[in-house]
Amino acid sequence: MARILVTAAVARSIYKFRSELLDRLVNDGYQVTVCCDSDHVSPEYFDSMGCDYKRIKVGQQGKNPLDDIKLFFQYMRILRSEKPDVVLTYTVKPNIYASIASRWLKIPYINNVTGLGVIGNKGFLQKILFVMQKFALSKSSCVFFQNESNLSLYRSEKIVRNQFKLIPGSGVNIKKYHAADYPSENTLVKFITVARIRKDKGIDELFAAVRVLKEYSVEFHIVGPCEDKAYIGIMNKLQQDYPVIYHGQLTQEQVHEMIIQQHCLIHPSHSEGMANVILESAACARPVIATNIPGCREAVDDGETGYLYPVKDADALTERIKHFVERSWEEKQDMGFAGRRKIEIEFDRNIVVNAYLEEIKKVLEI
């Protein structure tokens, strides 16, 4: 049976968003190798799924050209050793360097643009990355995009031409993330934000809203690593003076339990590929307040499953939170149920898995 190599920056992303694909590939008889940094996920997890594991240090945030050259030659070594029939790549650096290595060795490859990341920042670096991606992706069998905006950008820059397909993000496992009973309100309306604590995730706007809403019967739960140390002092001060509880970084299972205890998710991010936490929260029948940007707006029907507001607009976020608080318990619950129905129809992860299997079969001419 054919050999498939799956590569991303860190194991966490494969564990959280690609497990169903790996499981389906293994059950269909493919020999699967996972290639990524081990991160917080044990390599034994992939062994238990029937996959081989090869560690590779991608350094997704690094900008040292020497490290990137080393990464390319790591991919060359692994691909020569594993001899896969198809390579599946996720995130920016694997999309570039694993693709170029696969192209060099004449191995078919399929890419997934999970988001723009640094590519979204205009300037000299963006121009360089456009050139590199144009070369890397030009021979791709298929490039999957998670939102229409990213696809339009890549087409306008002529990075892709005909070999692309739009999918609903990473999708969500609607059995694992099932509709949960809506919590009673008692005296507080509880909100949760799950994000890395840094400026481009909209944390400043969230904090501004928290300060205005101090007198309301609300409680804000924040989950995620504090990647920008400048926010540590701010977070500590907020917890002392406002209804804010910071939980730090939690496991996937702990995040799920936190979400179902809240009335609404707030996702104030400035940019996304597709916001998986929105999909997971909506699948649990929780309304969502999010920025009106690609990667968020696709998953929220404004006024029906939650609210959208202009990106970086703290005043608008504050007003949306107020409006949500003032709605009746029944109205809030109905918004959650509407979100669940939307996820079932549009974002079931099986849609993504089936799209991959279809493209793999095309490549292998099965």
S.K.: Look only at the side chain of T305 and the backbone of A338, and say whether a donor-acceptor pair between them is shorter than 3.5 Å.
M.R.: no
S.K.: Okay, side chain of R3, backbone of P84: is any donor-acceptor separation there less than 3.5 Å?
M.R.: no
S.K.: Using the rule side-chain contact (heavy atoms from CB on, under 4.5 Å), only one of T318, I289, D315 pairs with Y309; which is it?
M.R.: I289
S.K.: Who else is in the cluster with V172 when I, L, V, M, F, W and Y are joined by side-chain contacts under 4.5 Å?
M.R.: I174, Y177, M274, L279, I343, F347
S.K.: Applying side chain to side chain donor-acceptor pair (under 3.5 Å), run through Y75 and S102 and close with a yes or a no.
M.R.: CA-CA 8 Å; Y75 275 125; S102 298; over 6 Å; no
S.K.: Check L5, V26, D23 against V32 for a side-chain contact (heavy atoms from CB on, under 4.5 Å) and give me the one that passes.
M.R.: V26
S.K.: Is K322 atom NZ crowded by more than 12 heavy atoms from other residues, nucleotides or ligands, each under 6.0 Å away?
M.R.: yes
S.K.: With a 3.5 Å distance limit and no angle check, can you tell me whether S19 reaches the backbone of Y15 through a side-chain donor-acceptor pair?
M.R.: yes
S.K.: Between N111 and S99, is there a side-chain donor-acceptor contact under 3.5 Å, judged purely by atom types and distance?
M.R.: yes
S.K.: Where does the angle between the aromatic ring planes of F144 and Y356 fall among parallel (under 30°), tilted (30 to 60°) and perpendicular (over 60°)?
M.R.: tilted
S.K.: Can you tell me if CH2 on W104 sees more than 12 non-hydrogen neighbours from other groups inside 6.0 Å?
M.R.: no
S.K.: Give me each pair satisfying salt bridge (charged side-chain N to carboxylate O under 4.0 Å, His left out) with a member in residues 159-180, each pair once, sequence neighbours excluded.
M.R.: K165-E358, K165-E359
S.K.: Between H221 and Q261, do the side chains contain an N or O donor and an N or O acceptor separated by less than 3.5 Å?
M.R.: no
S.K.: If only atom types and distance count, is the side chain of T291 paired as donor or acceptor with the main-chain N or O of P310 below 3.5 Å?
M.R.: no
S.K.: Would you check, one step at a time, whether the test side chain to side chain donor-acceptor pair (under 3.5 Å) holds for R103 with S138?
M.R.: CA-CA 9 Å; R103 179 176 177 174; S138 62; 2.9 Å; yes
S.K.: Between H263 (side chain only) and S184 (backbone N and O only), is there a donor and an acceptor less than 3.5 Å apart?
M.R.: yes
S.K.: Check whether any side-chain heavy atom of N173 lies under 4.5 Å from a side-chain heavy atom of E20, and answer yes or no.
M.R.: yes
S.K.: Hydrophobic cluster mates of I293, side-chain heavy atoms under 4.5 angstrom, ILVMFWY only, any path?
M.R.: V311
S.K.: Which Ile, Leu, Val, Met, Phe, Trp or Tyr residues join V277 in one cluster when any pair of side-chain heavy atoms under 4.5 Å counts as a link?
M.R.: I192, V194, V223, L250, V255, M258, I259, L265, I278, V288, V300, L308
S.K.: With hydrophobic residues grouped by side-chain heavy-atom distances under 4.5 Å, do V210 and V218 end up in a single group?
M.R.: yes
S.K.: Give a yes or no on whether V131 and L71 share a hydrophobic cluster (residues Ile, Leu, Val, Met, Phe, Trp, Tyr; joining criterion: side-chain heavy atoms under 4.5 Å apart).
M.R.: no
S.K.: Taking the side chain as C-beta and beyond, is there a heavy-atom pair between D302 and Y307 under 4.5 Å?
M.R.: yes
S.K.: Answer yes or no: is there an ion pair linking K342 with D301, defined by an N-O contact shorter than 4.0 Å?
M.R.: yes
S.K.: Could you walk me through whether S13 and R18 pass side chain to side chain donor-acceptor pair (under 3.5 Å), step by step?
M.R.: CA-CA 7 Å; S13 68; R18 328 291 172 203; 5.3 Å; no
S.K.: Counting only heavy atoms not in N27 (residues, nucleotides, ligands), do more than 12 fall under 6.0 Å from its CG?
M.R.: yes
S.K.: Can you confirm whether the side chains of Y231 and D204 place a donor and an acceptor under 3.5 Å from each other?
M.R.: yes
S.K.: Checking E298 side chain against G295 main chain: does a donor-acceptor pair fall under 3.5 Å?
M.R.: yes
S.K.: Around atom NZ of K16, are there more than 12 heavy atoms from other residues, nucleotides or ligands closer than 6.0 Å?
M.R.: yes
S.K.: Is a donor on one side and an acceptor on the other found under 3.5 Å between the side chain of E331 and the backbone of E326?
M.R.: no
S.K.: Go through the steps for D334 and Y182 under the test side chain to side chain donor-acceptor pair (under 3.5 Å), then give the verdict.
M.R.: CA-CA 10 Å; D334 288 345; Y182 200 65; over 6 Å; no
S.K.: Let's go through F220 and F191 carefully: what are the C-alpha distance in whole Å and the side-chain angles of both, what is the deciding distance for ring-ring contact (aromatic ring centres under 6.0 Å, His included) to 0.1 Å, and is it a yes or a no?
M.R.: CA-CA 5 Å; F220 296 92; F191 297 88; 5.5 Å; yes
S.K.: Under 3.5 Å, side chain of Y53 to main-chain N/O of C36, donor-acceptor pair present?
M.R.: yes
S.K.: When you compare the side chain of L137 with that of I96, does any pair of heavy atoms fall below 4.5 Å?
M.R.: no
S.K.: Please name all residues satisfying side chain to side chain contact (heavy atoms under 4.5 Å, CB included) with S149, sequence neighbours left out, ordered by chain then number.
M.R.: N147, P294
S.K.: Hydrophobic clusters join Ile, Leu, Val, Met, Phe, Trp and Tyr when side-chain heavy atoms are under 4.5 Å apart, directly or via other members; which others share one with I232?
M.R.: none
S.K.: Between R340 and E344, is there a salt bridge with N-O shorter than 4.0 Å?
M.R.: yes
S.K.: Do E82 and K54 sit within salt-bridge range, that is, some charged N less than 4.0 Å from a carboxylate O?
M.R.: yes
S.K.: Under 3.5 Å, is there a donor-acceptor pair between the side chain of Y246 and the main chain of G224?
M.R.: yes
S.K.: So, does T193 use its side chain to make a donor-acceptor pair with the main chain of I266 at under 3.5 Å?
M.R.: yes
